[in-house]
Amino acid sequence: NGEAVKACTMFAIQVNGAEITTIEGLATNGELHPMQKAFWENHGLQCGYCTPGMIMASVDMLKNNPNPTEEEIRHGLEGNFCRCTGYHNIVKSVKAAAESMQGGA
Ligand code: FES
């Protein structure tokens, strides 16, 4: 229903009747969402285990704050853990997506 949640802590019955969007649902007509493209182009992932959660949380973050600072991005993603990247390229990806979604570079 337009709210990011941690799927790993939800029972299916809790979302009975809700509209659910997963990482697969972000792309439209075979075109990656700008956040997916930004993660790809900025090497925001390594093993990819954390990536769906990072991307979904980042898309939700930009709905409320379309131009977050690096600090706001790091704070917004603090509930998502990545064991590979050190977060630098994840933050860079979110920043790039924010610029792209605002019609920037
Ligand atoms: Fe491997 Fe994040 S890319 S856990």
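The chain is numbered in sequence order, starting from 1. Remember, it's 1-based here, ligands and their atoms both numbered in the order they're listed. Being a predicted model, the structure only gives us computed values, none of them experimental.
Following chains of ILVMFWY side-chain contacts shorter than 4.5 Å, one can reach Met101 starting from Leu77, so the two form part of one hydrophobic cluster. Hydrophobic clustering keeps Met35 apart from Trp40 (ILVMFWY residues linked when any side-chain heavy atoms are closer than 4.5 Å, directly or through intermediates).
Identified under the side-chain hydrogen bond (donor to acceptor under 3.5 Å, both in side chains) test for residues 54-66, with sequence neighbours left out: Asn65-Glu72.
Take atom 2 (Fe) of ligand 1 and draw a sphere of radius 2.8 Å; the protein N/O/S atoms inside it number 2.
A salt bridge links Arg74 with Glu70: the distance from a Lys NZ or Arg NE/NH1/NH2 to an Asp or Glu carboxylate oxygen falls below 4.0 Å.
Only one option out of Leu45, Asn80, Ile23 pairs with Met54 in a side-chain contact (heavy atoms from CB on, under 4.5 Å); it is Asn80.
Separating the OH atom in Tyr87 from the SG atom in Cys82 is a distance of 6.0 Å, to the nearest 0.5 Å.
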